[in-house]
Amino acid sequence: MTVMGTVYLVDDDSQLRKAMRQTLELEGMTVMPFPKAELALDALDENFDGVIVTDVRMPGMDGLQFFEHVRKIDADLPVILITGHGDVPMAVSALQNGAYDFISKPFPAERMVESVRRALEKRKLVMENRALKRAAEHSIDDMPLIGQTPAMERLRNTLRHIADTDVDVLVAGETGSGKEVVATALHRWSKKRSQGNFVALNCGALPETVIESELFGHEVGAFTGAQKKRIGRIEYSSGGTLFLDEIESMPPALQVKMLRVLEMREVSPVGSNEERSVDIRVVAAAKVDLGDAEQRKDFREDLYYRLNVVTLSIPPLRERRADIPLLFSHFVSKASSRFGIPVPQISASVSRHLNEHQWPGNVRELGHFAERVVLGLEGGQAAASTPLPRDDVTATLGERMDRQEADIIRETLEKHQGDVAETIAALGIARKTFYDKLQRHNINRSDYVPR
């Protein structure tokens, strides 16, 4: 695969310089030719993300002197020396002092191209690791909604615009895309609401017998075991924000009561005839499209329309790939701080995985991957198990079958929220086979378990 990049080509021989430039440009590289080392040095700084190819024997500043100046600017910048036969001993010495490679004249074009390609790969990794460390130094532990893509800019702008209103909000997004992060940002960016409580409840995580008491609270003796009065989540969030995740899982009978809360801003605890006023903003999230009657199923249409005053959509990670490096650096920084481990160097396989993986578990999956990288549990195997793009018509039959199998396993895990027993039953395979396939496809079951 051709590695795109910039090459500073320094040689006083105009014919050789022209020939090398053409060779490298045919490989898709950008070449900046210089007849003198002094000119290249003036154009160089520590932010240069390419490599240098320089002749050794030149008038004025020679290649070795140039190399020493380059090392002072950036010791990690790859320098490839072009040498005559008599210069080989000194080139070997330069190699021991940090030069990337030396090529003896005369040389086949492929020899130079391959050396430059490998040097560009190394430089790319160096620059990525530096960017990660810079981001780690300036990272904020709870920085919400990280991303520089237009979709994330629009989302943040919308949140800031509506933060100080009391409008209820419906958040749409795939599993792991950050729906609670959006709700939290909306709460924190509200001058009024941020002074109150942010209360989150996953409607799909509680049995029907418990969720009503959790939401509305109860009086003493309201039911068997109700020995103490309890303030419900709705009342506790008064003055702040109530976040209801997976609201499509709310029992139908409770939906009627929730509709009244939204319309009247009043709550009646279980076992009480008293109506208590509440000052709440409700942010609801669903894993399905509540606007689609088939997906909505038994979720009340009138409750959907009551919630659907403002709908915010979070794009999946695969549709905002430019945000992945920034998100990854944030998660690496958090994990490094949490585990007390220095920010690691990022390997080529991890870099490829970040660029090529489809991230079905979205931001949550990326965060877990970053933790494994910090712990040293990810490396060479990551890229090898990355599913091929769906439109890759050059894939072999075996590769396509592996990709399809991995996709089915991920979809089944997501459907059953990471539950092993339910996933194995749905797939119809043995437990050992299931775990073997997880390892083979580099699938982490915990990425699909709701938090």
Item to complete: Start with the C-alpha gap between Glu263 and Arg306, add the side-chain angles, then the distance that decides, and say whether salt bridge (Lys or Arg N to Asp or Glu O under 4.0 Å) holds.
Response: CA-CA 8 Å; Glu263 291 176 342; Arg306 183 61 186 79; 5.3 Å; no
Are side-chain heavy atoms of [X] and [Y] found at a separation under 4.5 Å?
X      : Y      : value
Val51  : Val79  : no
Tyr236 : Arg233 : no
Lys437 : Thr433 : yes
Pro344 : Val374 : yes
Met152 : Pro315 : yes

Discussion item. For a side chain to side chain contact (heavy atoms under 4.5 Å, CB included) check, start with the C-alpha distance between Trp189 and Asp164, then their side-chain angles and the critical distance, and finish with the verdict.
Written reply: CA-CA 8 Å; Trp189 291 345; Asp164 286 321; over 6 Å; no
On a heavy-atom basis, which atom in [X] and which in [Y] lie closest, and how many Å separate them?
X      : Y      : answer
Ala163 : Leu186 : CA-CD1, 3.9 Å
Ala426 : Thr412 : CB-CG2, 3.8 Å
Ile234 : Met258 : CD1-SD, 4.1 Å
Val282 : Asp168 : N-OD1, 3.0 Å
Arg123 : Pro78  : CD-CD, 3.7 Å
Ile80  : Ala119 : CD1-CB, 4.1 Å

Test your reading of the model: is there a side-chain donor-acceptor pair from [X] to the backbone of [Y], 3.5 Å cut-off?
X      : Y      : answer
Ser336 : Val332 : yes
Ser272 : Ser268 : no
Gln255 : Met250 : yes
Arg71  : Asn97  : yes
Thr423 : Leu427 : no

Discussion item. Do Arg281 and Thr165 pair up side chain to side chain, a donor and an acceptor below 3.5 Å, judged on atom types alone?
Written reply: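 Per modelled atom types, Arg281 and Thr165 side chains form a pair under 3.5 Å.
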[X] side, atom [atom1]; [Y] side, atom [atom2] - distance, nearest 0.5 Å:
X      : Y      : atom1 : atom2 : value
Ile314 : Asn362 : CD1   : CG    : 9.0 Å
Asp302 : Leu259 : CG    : CG    : 5.0 Å
Leu413 : Leu438 : CG    : CG    : 6.5 Å
Arg156 : Thr158 : CZ    : OG1   : 11.0 Å
Ser249 : Asn202 : OG    : CG    : 7.0 Å
Leu170 : Leu312 : CG    : CG    : 8.5 Å

Discussion item. Which residues pass the side-chain hydrogen bond (donor to acceptor under 3.5 Å, both in side chains) test with Arg118, not counting sequence neighbours?
Written reply: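 With sequence neighbours excluded, Arg118 shows a side-chain hydrogen bond (donor to acceptor under 3.5 Å, both in side chains) to Tyr100, given in chain and number order.
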What pairs of donor and acceptor atoms, side-chain ones from residues 215-222 against any protein atom, are under 3.5 angstrom apart with sequence neighbours left out?
unit_1 : atom_1 : unit_2 : atom_2 : d
His218 : ND1    : Ser213 : OG     : 2.7
His218 : NE2    : Lys228 : O      : 3.0
Glu219 : OE2    : Arg276 : NH2    : 2.8

Practice prompt. With side chain to side chain contact (heavy atoms under 4.5 Å, CB included) as the test, would you mind laying out the steps for Ile280 and Thr241 before giving the verdict?
Written response: CA-CA 6 Å; Ile280 60 171; Thr241 304; over 6 Å; no
Fill in: Intermediate values then yes/no, salt bridge (Lys or Arg N to Asp or Glu O under 4.0 Å), Arg265 and Asp166
CA-CA 12 Å; Arg265 276 353 194 215; Asp166 282 337; over 6 Å; no
Practice prompt. Show your reasoning for whether salt bridge (Lys or Arg N to Asp or Glu O under 4.0 Å) applies to Glu25 and Arg21.
Written response: CA-CA 6 Å; Glu25 286 181 340; Arg21 177 180 183 178; 3.0 Å; yes
Discussion item. Could you check whether atom CG of Asn157 has more than 12 heavy atoms from other residues, nucleotides or ligands sitting under 6.0 Å from it?
Written reply: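 Enclosed.
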Item to complete: Find out whether the Lys NZ or Arg CZ of Arg188 is both under 6.0 angstrom from the six-membered ring centre of Phe198 and within 45° of the ring's axis.
Response: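 No, Arg188 and Phe198 do not form such a contact.
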Discussion item. If the condition is ring-ring contact (aromatic ring centres under 6.0 Å, His included), which residues does Phe434 pass it with, not counting sequence neighbours?
Written reply: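 Phe434 satisfies ring-ring contact (aromatic ring centres under 6.0 Å, His included) with no residue once adjacent residues are dropped.
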Fill in: Any residue meeting ring-ring contact (aromatic ring centres under 6.0 Å, His included) with Phe102, in chain and number order, not counting sequence neighbours
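Phe102 satisfies ring-ring contact (aromatic ring centres under 6.0 Å, His included) with no other residue.
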Worksheet item: Given the rule in the side chain to side chain contact (heavy atoms under 4.5 Å, CB included) test, do Leu242 and Leu244 qualify, once you have shown the distances and angles that lead to the verdict?
Response: CA-CA 6 Å; Leu242 176 66; Leu244 299 176; 4.0 Å; yes
Side chains of residues 317-328: which donor-acceptor partners sit under 3.5 Å, not counting sequence neighbours?
unit_1 : atom_1 : unit_2 : atom_2 : d
Arg318 : NH1    : Glu174 : OE1    : 3.2
Arg318 : NH2    : Glu174 : OE2    : 2.6
Arg320 : NH1    : Ile146 : O      : 3.4
Arg320 : NH1    : Asp323 : OD2    : 3.1
Arg321 : NE     : Asn355 : O      : 3.4
Arg321 : NH1    : His357 : O      : 3.0
Arg321 : NH2    : Leu354 : O      : 3.3
Arg321 : NH2    : Asn355 : O      : 2.7
Arg321 : NH2    : His357 : O      : 2.7
Asp323 : OD1    : Gln148 : N      : 2.6
Asp323 : OD1    : Thr149 : N      : 3.1
Asp323 : OD2    : Thr149 : OG1    : 2.6

Identify all side-chain donor-acceptor contacts of residues 284-295 below 3.5 Å with residues at least two apart in sequence or on another chain.
unit_1 : atom_1 : unit_2 : atom_2 : d
Asp289 : OD1    : Gly291 : N      : 3.0
Asp292 : OD1    : Glu294 : N      : 2.9
Gln295 : OE1    : Asp289 : N      : 3.0

Lys/Arg-Asp/Glu bridge criterion (N-O < 4.0 Å) met for [X], [Y]:
X      : Y      : result
Arg338 : Glu371 : yes
Arg111 : Asp101 : yes
Glu411 : Lys415 : no
Glu266 : Arg260 : yes

Practice prompt. Fit a plane to each ring of His353 and Trp359, take the angle between them on a 0 to 90° scale, and name the class: parallel (under 30°), tilted (30 to 60°) or perpendicular (over 60°).
Written response: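 The arrangement is perpendicular - the two ring planes meet at more than 60°.
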Item to complete: Decide yes or no on salt bridge (Lys or Arg N to Asp or Glu O under 4.0 Å) for Glu121 and Lys124, but give the supporting numbers first.
Response: CA-CA 5 Å; Glu121 288 177 344; Lys124 180 173 181 287; over 6 Å; no
Discussion item. Using the ring centroid of each side chain, check whether Phe331 and Phe369 are separated by less than 6.0 Å.
Written reply: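 Between Phe369 and Phe331, which both carry aromatic rings, the centre distance is not below 6.0 Å.
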Worksheet item: After noting the C-alpha distance and the side-chain angles of Arg300 and Val256, does the key distance pass the side chain to side chain contact (heavy atoms under 4.5 Å, CB included) rule?
Response: CA-CA 8 Å; Arg300 292 180 63 95; Val256 179; 3.5 Å; yes
